[in-house]
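Each ligand, and each atom within it, is numbered from 1 in the order the structure gives. Remember, it's a predicted structure, so these values are computed and weren't measured experimentally.
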Amino acid sequence: MAENKCSSCNISDCKSKGSGDKACLDHIKNKLVILSGKGGVGKSTVAANIAIALAEKGYSVGLLDVDIHGPSIPRIMGLKGQKAKVKAPWLIPVKWAENLKVISLGFLLPDDNEAVIWRGPVKGSLIKQFIEEVAWGNLDYLVVDCPPGTGDEPLSVLQILGKDAKAVIVTTPQAVSIDDVRRSITFCEKVGNPVAGIIENMSGFICPTCGDSVDIFGSGNGENLARETGIKFLGAIPIDKAIVQSGDAGQALSNLDESHPVKKALNNIVEGL
Ligand code: ADP
């Protein structure tokens with residue numbers, strides 16, 4: 001008799017077996033979708049470091065980069081140049097650690113500098129494959145790095161992952177970014193997914209020479225918005241050159257001492273999740 005495996009999670013005793021064209025995602029316990037209203041607010045940096053922090057706590061983690069036009073996760077994670085293998089019907093993710101698997105379009109393109117010019121439906125089917133046809137195995141957390149805004153990609157991600165996927169919204173303190181966060185919150189409401197919390201990135205700068213705190217982009221607006229909307233404020237991450245250096249060097253923040261203010265801020269955020 002043919003083995004009755006679920007076509008989606010590949011688990012023999014899967015209870016749901018998927019239905020119609022909706023795959024079962026029972027092998028993924030928690031789904032965190034990292035959103036931002038604007039580009040450049042540090043969303044990919046936060047996504048990568050949340051995934052690392054969870055993996056460092058011993059969880060089994062998948063990091064999915066659906067920023068199709070600008071996949072930056074391979075660089076931030078130090079995996080640039082790696083290629084994902086195919087073992088039909090599965091796409092094999094690249095391992096950052098035994099318990100942290102990563103998939104990005106960057107692992108599939110023959111040339112890193114290639115511009116991807118695809119329309120919505122093609123992107124939607126790639127995202128579906130990235131979620132359903134990657135050999136993630138059993139995951140405690142799937143962390144998804146979405147492109148900014150409320151367009152095709154975040155919509156596809158939330159629709160495919162289902163209503164139990166929680167959004168984590170990253171903003172900087174400026175009013176222009178906060179305005180976009182309001183749109184991201186409305187987007188989640190309309191699609192019917194909960195928001196796990198708001199993170200304020202680039203929140204103040206502590207001068208390494210005099211120790212004074214300077215609010216270059218302001219600070220506190222993310223927390224104020226969280227209070228106003230009744231959404232949990234997960235924490236603030238300061239501006240720090242360690243983030244730029246480690247991101248450029250492909251080390252994420254895994255090499256920072258636990259007492260470093262940025263590492264502490266990230267750990268608090270993960271605790272809050
Ligand atoms: P996004 O995904 O929102 O476009 P990225 O995560 O790619 O943003 O970050 C954009 C740039 O800002 C990167 O060079 C990153 O290293 C830098 N960056 C992110 N957060 C901080 C921070 N708190 N302090 C300093 N630089 C930061």
Side-chain angles (χ1 to χ4, degrees), residues 32-53 63-80 96 102-106 112 115-116 127 143-151 153-154 157 167-174 176-181 183-184 187 197-209 212-223 233-257 260-270:
L32 299 175
V33 180
I34 317 297
L35 299 177
S36 72
K38 279 210 178 310
V41 300
K43 173 186 47 59
S44 300
T45 305
V46 168
N49 285 295
I50 285 179
I52 290 175
L63 175 59
L64 169 57
D65 178 10
V66 295
D67 201 337
I68 291 167
H69 301 286
S72 48
I73 289 292
R75 170 176 291 283
I76 295 173
M77 300 291 282
L79 300 172
K80 210 166 151 53
W96 186 86
V102 186
I103 207 79
S104 164
L105 184 61
D112 262 1
V116 175
I127 292 170
V143 179
V144 186
D145 179 24
C146 281
T150 53
E153 292 92 329
V157 167
V168 173
I169 303 179
V170 182
T171 182
T172 51
Q174 304 98 308
V176 277
S177 181
I178 296 289
D179 286 347
D180 282 338
V181 172
R183 284 185 265 276
S184 299
F187 170 77
I198 295 173
I199 296 172
E200 184 176 290
N201 188 29
M202 306 192 192
S203 175
F205 167 74
I206 299 176
C207 171
T209 316
D212 270 3
S213 174
V214 187
D215 289 338
I216 295 178
F217 297 143
S219 104
N221 286 337
E223 189 165 8
F233 183 64
L234 290 166
I237 305 172
I239 297 174
D240 197 302
K241 73 174 182 194
I243 297 188
V244 183
Q245 286 167 342
S246 56
D248 282 359
Q251 294 164 331
L253 295 170
S254 53
N255 58 339
L256 282 192
D257 196 81
H260 193 285
V262 168
K263 193 83 176 176
K264 275 193 187 164
L266 268 159
N267 283 337
N268 281 339
I269 286 169
V270 170

Whether Ala242 lies under 4.0 Å from ligand 1, heavy atom
no
If you measure from each heavy atom of Ser36 to ligand 1, is any distance below 4.0 Å?
no
Could you tell me whether the side chain of Val33 reaches within less than 4.5 Å of the side chain of Pro154, counting heavy atoms only?
no
Please examine the side chains of Ile269 and Ile237, heavy atoms only from C-beta on, and report whether any two atoms are closer than 4.5 Å.
yes
N/O separation below 3.5 Å, [X] to ligand 1:
{"X": "Asp248", "result": "no"}
{"X": "Val41", "result": "yes"}
{"X": "Ile237", "result": "no"}
{"X": "Lys241", "result": "no"}
{"X": "Gly40", "result": "yes"}

At a 4.0 Å threshold, what atoms of ligand 1 neighbour a non-hydrogen atom of [X]?
{"X": "Pro238", "answer": "22 (C), 23 (N), 24 (N)"}
{"X": "Lys43", "answer": "1 (P), 2 (O), 3 (O), 6 (O), 8 (O)"}
{"X": "Thr45", "answer": "5 (P), 6 (O), 9 (O), 15 (C), 19 (C)"}

Is [atom] less than 4.0 angstrom from at least one protein heavy atom?
{"atom": "atom 13 (C) of ligand 1", "value": "no"}
{"atom": "atom 5 (P) of ligand 1", "value": "yes"}
{"atom": "atom 19 (C) of ligand 1", "value": "yes"}

Heavy-atom pair with the smallest gap, counting every atom of Phe205 and Ile216:
CB-CD1, 3.9 Å
Below 4.0 angstrom, N of the basic side chain to O of the carboxylate: do Asp145 and Lys43 qualify?
yes
What is the closest protein heavy atom to [atom], and at what distance does it sit?
{"atom": "atom 7 (O) of ligand 1", "value": "Ser44 CB, 4.1 Å"}
{"atom": "atom 27 (C) of ligand 1", "value": "Ile243 CG2, 3.7 Å"}
{"atom": "atom 16 (O) of ligand 1", "value": "Val244 CA, 3.5 Å"}
{"atom": "atom 8 (O) of ligand 1", "value": "Gly42 N, 3.1 Å"}

May I ask you to decide if [Y]'s main-chain N or O and [X]'s side chain share a donor-acceptor pair within less than 3.5 Å?
{"X": "Glu153", "Y": "Asp67", "answer": "no"}
{"X": "Asn221", "Y": "Gln174", "answer": "no"}
{"X": "Thr171", "Y": "Gly222", "answer": "no"}

Select one of side chain, backbone, both or neither to describe which atoms of Asp240 lie under 4.0 Å from any atom of ligand 1, heavy atoms only.
backbone
Heavy-atom distances under 4.0 Å decide this one: backbone, side chain, both or neither, for Asn201 against ligand 1?
side chain
